Chemist: 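Got a structure here, written out as structure tokens. Questions coming.
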There are 2 protein chains.
Amino acid sequence: MANIKKKYKFAVIATDVVIFTVRDGQLQVLLIKMQKHPYEHYWAAPGGLVKPDESVDEAAKRHLHLKTGVKNVYLEQLYTFGKVSRDPFGRVVSVAYYALIPSAGLQLKTTGEYGEVSWFPVNRLPKLAYDHQEIINRAIQRLKDRLGYSNVVYSLMPRDFTLSDLQNIYEIILNKKLDKRNFRKKIFSLDLVKSIGRKRVGEANRPAELFVFTSRQLQRFKIL
Amino acid sequence: MANIKKKYKFAVIATDVVIFTVRDGQLQVLLIKMQKHPYEHYWAAPGGLVKPDESVDEAAKRHLHLKTGVKNVYLEQLYTFGKVSRDPFGRVVSVAYYALIPSAGLQLKTTGEYGEVSWFPVNRLPKLAYDHQEIINRAIQRLKDRLGYSNVVYSLMPRDFTLSDLQNIYEIILNKKLDKRNFRKKIFSLDLVKSIGRKRVGEANRPAELFVFTSRQLQRFKIL
DNA sequence: TCAAAAGTGTTCGTGCTACACCCATGC
DNA sequence: GCATGGGTGTAGCACGAACACTTTTGA
């Protein structure tokens, strides 16, 4: 460890990306199984060094794409973790990001050189390498905050959805029940969604009206 | 420039600290005059490389102390700036922080090897080196947000102060007038301050009651 | 006809906004 | 006694919280 540290005259930069989706009624995070000592059998958020010719944002996008195949999803810088001994392989400072992707039609890059990749519900996480537990905790907190003060939720939803779908996402992430009537009132008063004039049919109950977001750009305002 | 870049195999880490105070009825930032081409006659926020044996937080504290002599002031990580060409001297990623210090009894380290150091009102900034204009803009925005949702303002105030002093700080930073009665009601209802049973005397008007903060720990809640 | 989720209004209380006059002091 | 900032209360309004029943479909 000590001799590895000496490879670098200064701290070097890496990035880690906490990738969220909502699947099976739970908020889930994408993790990769580590191979190297001392972290074999630990899991970690995808990430790696920033190359000299790419920005930190680009590095985060690259790692996100590498593991999920997705592009153009919501990606926000979270925080930079810079403790001296956070990485036993050397002096690495990590700029953490978090990404939000809709679960519909997701295909992981589980094969290849990078070992096992898997989704985990945030309340049943395995042993995590480095300070990734701390990183994920902070990402969850940030996500909760953003839900209440922006329309980011659009990045977790498919193109069209019912208001109950939307309310479910909120309830799952915030981990509390919301009042249906108040929720709908609020969403409508903010003009967040518009009806597409169709209903979701084929279920054993009254068909629900389908909506799309009026805007899929990030906007800030108080929702909850 | 190109050959300097090659000195580093990876991006290296620096930190920059935007230091705020309120003086002369204005929000001001501490800047240092640059010496080296291409930025001679430009100014910049204090900062520099992170040493291999210090955390990024510690590096920020070090640079803050170096220029102001102060310790134990409010210091918060702001954002990490990672564009490839932000620094013409090489591939440097900067973790920006901002600090808040009370103006009372401030003494700058204007002498010594580091060249000129000076305060500038945020709305009359000189030409800034690197991407420091962007960093400062973001810091101002963050500060405004925090004022409305926490008690950070304590870190800009002397130990005891009048309610008008406090309101002034808010008005200066937010750049808008507040209603005196509503402001006082809010501050009291949150138990932010307590009277010390003394008044500020010697001014050509009714003496104002002096207060201290009930807590000088960061707390979050909606103020404005 | 039953189960299951969709959809729909009103009431109440809290908190924010707007607003004007008297008070205590130094000069 | 005058100029200067200190200190105080109320009324209207907007918004959030609580709450229950009818509708539409598939099985």
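Computed from a predicted model, the values in this text were never measured in an experiment. All values below come from the heavy atoms of this structure, side chains included, with hydrogens, waters and symmetry mates left out.
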Chemist: Listed in order of residue number, which residues of residues 166-179 of chain A have a non-hydrogen atom at under 4.0 Å from DNA chain D?
Modeler: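 Here the set is A:Asp179.
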
Chemist: I'd like to know if B:Lys180 reaches the base of D:dG7 with its side chain such that a donor and an acceptor end up less than 3.5 angstrom apart.
Modeler: yes

Chemist: Would you call B:Lys33 and B:Glu40 a salt bridge, using N to O less than 4.0 angstrom?
Modeler: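 Salt bridge: no.
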
Chemist: Evaluate the ring planes of A:Phe213 and A:Phe161, with Trp represented by its six-membered ring, and classify them as parallel (under 30°), tilted (30 to 60°) or perpendicular (over 60°).
Modeler: tilted

Chemist: Run the side chain to side chain contact (heavy atoms under 4.5 Å, CB included) test on B:Phe221 and B:Leu192 for me, step by step, so that the C-alpha distance in whole Å, both residues' side-chain angles and the decisive distance to 0.1 Å come before the verdict.
Modeler: CA-CA 11 Å; B:Phe221 37 65; B:Leu192 271 188; 3.6 Å; yes

Chemist: Under 4.0 Å between any heavy atoms, over every strand shown, what does B:Ser189 touch: base, sugar-phosphate, or nothing? Just pick one.
Modeler: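 It contacts nothing in the nucleic acid.
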
Chemist: Should the pair A:Glu171-A:Lys177 be classified as a salt bridge under the 4.0 Å nitrogen-to-oxygen rule?
Modeler: yes

Chemist: Rounded to whole angstrom units, what separation is found between the CD1 atom of A:Ile187 and the P atom of D:dG16?
Modeler: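 Rounding to the nearest Å, CD1 of A:Ile187 and P of D:dG16 are 12 Å apart.
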
Chemist: Would you call the rings of B:Tyr130 and B:His132 parallel, tilted or perpendicular, taking 30° and 60° as the class edges?
Modeler: tilted

Chemist: Regarding A:Asp160 and A:Arg200, does a basic nitrogen lie under 4.0 Å from an acidic carboxylate oxygen?
Modeler: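 Looking at A:Arg200 together with A:Asp160, the answer is no, because their closest N to O distance does not fall below 4.0 Å.
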
Chemist: Any ion pair linking B:Glu54 and B:Lys61 (charged N to carboxylate O, less than 4.0 Å)?
Modeler: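 Not counted as a salt bridge, because no side-chain N and carboxylate O are separated by less than 4.0 Å.
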
Chemist: Starting from C1' on D:dT22, measure out to CZ on A:Arg181 and report it in whole angstrom.
Modeler: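 These atoms are roughly 12 Å apart.
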
Chemist: Decide if atom OH of B:Tyr39 counts as having more than 12 heavy atoms of other residues, nucleotides or ligands within a radius under 6.0 Å.
Modeler: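 Yes, OH of B:Tyr39 has more than 12 neighbouring heavy atoms, counting only those of other groups under 6.0 Å.
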
Chemist: Is any NZ, NE, NH1 or NH2 atom of the basic residue among B:Arg198 and B:Glu209 found under 4.0 Å from an Asp or Glu carboxylate oxygen of the other?
Modeler: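 The answer is no: the pair does not qualify as a salt bridge.
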
Chemist: What's the CZ-P distance between B:Phe183 and D:dG9, to the nearest Å?
Modeler: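 Distance, rounded to whole Å: 18 Å.
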
Chemist: Provide the start and end nucleotides, 5' to 3', of the part of DNA chain C that has atoms under 4.0 Å from heavy atoms of chain B.
Modeler: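 First and last nucleotides in contact are C:dC16 to C:dG26.
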
Chemist: Which atom names give the shortest non-hydrogen contact between A:Lys67 and A:Ile32, and what distance separates them?
Modeler: CE-CD1, 2.8 Å

Chemist: Could you say whether B:Asn182 or A:Lys185 is positioned toward the 5' end of DNA chain D, judged by the nucleotide with the nearest heavy atom to each?
Modeler: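 Nearest nucleotide further toward 5': that of B:Asn182.
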
Chemist: Can you list, in residue-number order, the parts of residues 194-209 of chain A that come under 4.0 Å of DNA chain D, counting heavy atoms only?
Modeler: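 A:Glu203, A:Ala204, A:Asn205, A:Arg206, A:Pro207, in order of number.
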
